[in-house]
Amino acid sequence: MGFFITNNNWITVAHIPGKQNVIADFESRRGTNDTKWDLDQAVYDQAIQLLDVTPSIDLFASRLNYKCKPYVAFRPDPEAQAINAFHISWVNMSHNNTDVTIPSSEDTSSTKEVAITDVPLIGGLFESQGISKEAASIIVQAWRPGTQKQYKYYLQKWEQHCCERSINPISPNVGTAIDFLHEFYKEGLSYSTLNTVRSALSSVVQPIDNFTFGNHPLVTRYIQGVFVNRPALPRYKQIWDVSVVIKYLKSLGENTQLSLQDLTMKTTMLLALVTGQRCQTIQVLNIEQMVNSDDMWSFHINNYF
């Protein structure tokens, strides 16, 4: 980097669509087994005995090959203490420190300070209602990070829209807000996206005519009109033949002959087919949260959401 600065050179980044960057796009999505190698257990036991140490944490591991707990994984792992050892501090770690505390990737110590300011207009709304910052920070936590991110964009646009027209963004008239929705409609936004915009405005606009903005009769009628003109389409329009996967799984042979990785992937696929759960649910399944009853095995996953 110093070379470029010294020679007054500039580096720019350009996005290449995946369909034009086939090889790189494929490699970025392809799984790899390079991180699954581990020390032979006998060699590991002999090494710690000769060195006379008791490891207190495994910084580069996964639930398939860790040698001690807690451990840090390279990718999201429901049993890991943290993700990516290079993103955490090693300052207080040593071979004889058995009380290792790793900052969680979900640490919320600063979230409360940032949450209100991250979502435009929210602070002003709560202040106008006499709600303290501390209480407001709790209210904001009711929105998932993804929702906050979506709302932030549209509320920034709404704030700009009102500023240009000298309108109070918290207490506008219903016509102004509907016109704002219509600007996005003219840009080609879908019915579901316009519903998101409506929800974002409902979070900051004070009740109009004793109705919340999202439930105001004119707003609901406008959204119904959008649905008629631009109906929501199914997210998935294609299906695939499950029998192809079933035949492949049968071809793998007996479970007792499969490697741990192949058996894990086979089980995961069968769980996905049988339960219809999404990836975010499948990835947090943990055998420590598995319960055996008379005729079934069940997982408890509430603690992860």
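Just so you know, these numbers come straight off a predicted model, no measurement behind them.
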#### Entry: Crowding at CD, Q46 (>12 non-hydrogen neighbours, <6.0 Å)
no
## Note on the structure
Hits for ring pair (Phe, Tyr, Trp, His ring centres under 6.0 Å) against F227, two or more places apart or cross-chain, chain-then-number order -> Y191
### Query
How far apart are the closest heavy atoms of L181 and V197, and which atoms are they?
CD2-CG1, 3.4 Å
### Message
Under the rule for ring pair (Phe, Tyr, Trp, His ring centres under 6.0 Å), what residues qualify as partners of F60, not counting sequence neighbours?
### Response
F86
### Message
Is there a path of hydrophobic side-chain contacts, each under 4.5 Å between heavy atoms of I/L/V/M/F/W/Y residues, joining L263 to I246?
### Response
yes
### Query
In terms of hydrophobic clusters joined by side-chain contacts under 4.5 Å, are V242 and Y248 together?
yes
### Query
Can you tell me how far the CD1 atom of I223 sits from the OG atom of S192, to the nearest 0.5 Å?
10.5 Å
### Query
Is a side-chain N or O of N65 found less than 3.5 angstrom from the main chain of S62, in a donor-acceptor match?
yes
### Query
What do the steps show when you test F213 against H216 for ring pair (Phe, Tyr, Trp, His ring centres under 6.0 Å), and what is the final call?
CA-CA 5 Å; F213 173 74; H216 193 283; 7.9 Å; no
### Step-by-step side-chain contact (heavy atoms from CB on, under 4.5 Å) determination, M269 to L273
CA-CA 6 Å; M269 175 55 74; L273 291 175; 4.0 Å; yes
### Task
Return yes if some donor-acceptor pair links the side-chain N/O of D58 with the main-chain N/O of K67 below 3.5 Å, else return no.
yes
### Partners passing ring pair (Phe, Tyr, Trp, His ring centres under 6.0 Å) against Y154 (at least two apart in sequence or in another chain)
F184
### Message
Could you see if W240 belongs to whatever hydrophobic cluster contains V274? Use Ile, Leu, Val, Met, Phe, Trp, Tyr and a side-chain cutoff under 4.5 Å.
### Response
no
### Query
Between R230 and L189, is there a donor-acceptor pair closer than 3.5 Å when you use the side chain of the first and the backbone of the second?
yes
### Query
Any idea which heavy atoms bring S203 and L155 closest together, and the distance?
OG-CD1, 4.1 Å
### Message
Could you report the tightest heavy-atom contact between K266 and G253, atom names first, then the distance?
### Response
NZ-O, 4.1 Å
### Query
Would V284 and W297 show up in the same hydrophobic cluster when neighbours are defined by side-chain heavy atoms closer than 4.5 Å?
yes
### Task
Using ring pair (Phe, Tyr, Trp, His ring centres under 6.0 Å) as the criterion, list what pairs up with F299, not counting sequence neighbours.
none
### Message
Treating D241 as the side-chain partner and S243 as the backbone partner, does any N or O pair qualify as donor plus acceptor under 3.5 Å?
### Response
yes
#### Entry: Residue list, side-chain contact (heavy atoms from CB on, under 4.5 Å) with A272, at least two apart or on another chain
none
### Task
Apply side-chain contact (heavy atoms from CB on, under 4.5 Å) to the pair M290 and L285, showing each step before the final yes or no.
CA-CA 8 Å; M290 187 169 61; L285 296 181; over 6 Å; no
### W158 side chain to P169 backbone, donor-acceptor under 3.5 Å
yes
### Query
What heavy-atom pair brings V174 and L218 nearest, and what distance separates the two atoms?
CG1-CD1, 4.0 Å
#### Entry: Closest heavy-atom pair and its distance - T220, P217
OG1-O, 2.9 Å
### Message
If the condition is salt bridge (Lys or Arg N to Asp or Glu O under 4.0 Å), which residues does K69 pass it with, not counting sequence neighbours?
### Response
E79, E288
#### Entry: Exercise: identify the closest heavy-atom pair between P172 and V205
CD-CG1, 3.7 Å
### Task
Please test H161 against R165 for side-chain contact (heavy atoms from CB on, under 4.5 Å), starting from the C-alpha separation and ending with a verdict.
CA-CA 7 Å; H161 177 89; R165 294 162 178 77; 3.2 Å; yes
### Message
Let's go through F211 and V219 carefully: what are the C-alpha distance in whole Å and the side-chain angles of both, what is the deciding distance for side-chain contact (heavy atoms from CB on, under 4.5 Å) to 0.1 Å, and is it a yes or a no?
### Response
CA-CA 10 Å; F211 293 98; V219 176; over 6 Å; no
### Query
Do Q160 and Q156 have side-chain N/O donor and acceptor atoms under 3.5 Å apart?
no
### Message
Let me check something: do Y153 and V204 share a hydrophobic cluster, defined by ILVMFWY side-chain heavy atoms less than 4.5 Å apart, either directly or through other members?
### Response
yes
### Query
How about E164: does its CD atom have over 12 heavy atoms from other parts shown lying under 6.0 Å from it?
yes
